[in-house]
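What you see is a predicted model, and the numbers here were worked out from it, not measured in a lab.
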Amino acid sequence: MPADHKDYRSRLLKDPAYALEAAKGEFIMEVTESICEIIQNNNIKRQDLAQKMNKSKGYISQLLNGSRNMTLATLAEIAHVIGYSPKIRFEEKDGQRVSIEPIEFDMGGEDTIYESKVAA
């Protein structure tokens with residue numbers, strides 16, 4: 001990115017409304033790019049993903065190109081269908097990282113209890 005564009009963007013990021021929209025866009029792009037990379041690396045076709053989710057290929061394409069809002073439930077469904085488990089990690093702008101990872105307890109029967117663990 002040219003220096004004058006970086007300077008302009010840094011000035012825009014000082015506006016809280018612009019900074020929020022930029023953060024949303026970056027997060028959506030990170031999630032959808034990760035899913036696209038996984039399905040490409042595993043030779044999963046969007047049509048196959050759509051069939052497994054009982055959705056149309058167009059719906060899947062809209063999710064993965066960012067034009068349709070993806071709920072956390074839909075993200076979890078996609079991850080499950082492609083054989084992955086999504087993890088959420090929060091990072092402070094100064095670089096400090098906090099991960100929220102599930103802890104699974106097998107109670108010996110059919111029930112499994114899940115808790116969250118916050119790791120610094």
Side-chain angles (χ1 to χ4, degrees):
M1 182 180 302
D4 57 339
H5 288 176
K6 285 182 182 180
D7 184 50
Y8 179 69
R9 186 168 192 273
S10 66
R11 286 192 315 235
L12 281 175
L13 286 172
K14 292 179 184 173
D15 174 4
Y18 179 84
L20 176 59
E21 290 306 311
K24 288 179 189 178
E26 289 170 9
F27 182 67
I28 290 167
M29 190 175 355
E30 182 179 330
V31 169
T32 56
E33 284 181 353
S34 294
I35 294 169
C36 288
E37 183 178 329
I38 290 167
I39 64 174
Q40 182 178 4
N41 290 343
N42 290 288
N43 297 315
I44 300 169
K45 295 182 178 135
R46 289 183 181 199
Q47 181 65 39
D48 295 336
L49 179 59
Q51 284 179 333
K52 288 179 181 181
M53 294 178 61
N54 199 27
K55 305 288 184 190
S56 70
K57 182 182 173 191
Y59 174 81
I60 298 301
S61 292
Q62 289 173 348
L63 286 173
L64 297 181
N65 71 22
S67 64
R68 179 179 286 267
N69 188 28
M70 185 184 314
T71 65
L72 291 175
T74 302
L75 173 60
E77 182 179 2
I78 291 171
H80 177 77
V81 166
I82 63 177
Y84 283 75
S85 177
K87 302 292 182 211
I88 298 173
R89 182 180 68 232
F90 293 89
E91 296 179 0
E92 287 190 41
K93 292 178 184 172
D94 68 1
Q96 183 178 354
R97 180 180 294 178
V98 176
S99 294
I100 299 176
E101 299 179 19
I103 302 172
E104 182 177 332
F105 296 94
D106 186 351
M107 302 305 288
E110 292 185 26
D111 296 331
T112 301
I113 298 174
Y114 296 91
E115 291 184 1
S116 291
K117 172 181 96 177
V118 177

Interatomic distance, [X] atom [atom1] to [Y] atom [atom2] [nearest 0.5 angstrom]:
X     : Y     : atom1 : atom2 : result
His80 : Lys52 : NE2   : NZ    : 10.0 Å
Ile82 : Met53 : CD1   : CE    : 9.5 Å
Gln51 : Ile60 : CD    : CD1   : 11.0 Å
Leu63 : Thr74 : CG    : OG1   : 6.5 Å
Ile28 : Met70 : CD1   : CE    : 8.5 Å

Where Arg46 and Cys36 come nearest, the two heavy atoms and their spacing: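 Heavy-atom minimum between the residues: NH2-SG, 3.6 Å.
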Are [X] and [Y] in one and the same hydrophobic cluster, where Ile, Leu, Val, Met, Phe, Trp and Tyr link if side-chain heavy atoms are under 4.5 Å apart?
X     : Y     : result
Ile78 : Tyr84 : yes
Phe27 : Leu75 : yes
Ile35 : Tyr59 : yes

Please name all residues satisfying side chain to side chain donor-acceptor pair (under 3.5 Å) with Gln47, sequence neighbours left out, ordered by chain then number.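 Result, side chain to side chain donor-acceptor pair (under 3.5 Å) vs Gln47: none returned.
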Under the side-chain hydrogen bond (donor to acceptor under 3.5 Å, both in side chains) definition, can you give me all pairs with a residue in residues 26-40, not counting sequence neighbours?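 Those involving residues 26-40 are Arg9-Glu26.
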Pairs meeting criterion side-chain hydrogen bond (donor to acceptor under 3.5 Å, both in side chains) with involvement of residues 14-25, two or more places apart: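 Every pair satisfying side-chain hydrogen bond (donor to acceptor under 3.5 Å, both in side chains) with a residue in residues 14-25: Glu21-Lys24.
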Spell out, as yes or no, whether a donor-acceptor pair under 3.5 Å connects the side chain of Asn42 to the backbone of Ile44.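 The answer is no, because no donor-acceptor pair under 3.5 Å joins these two groups.
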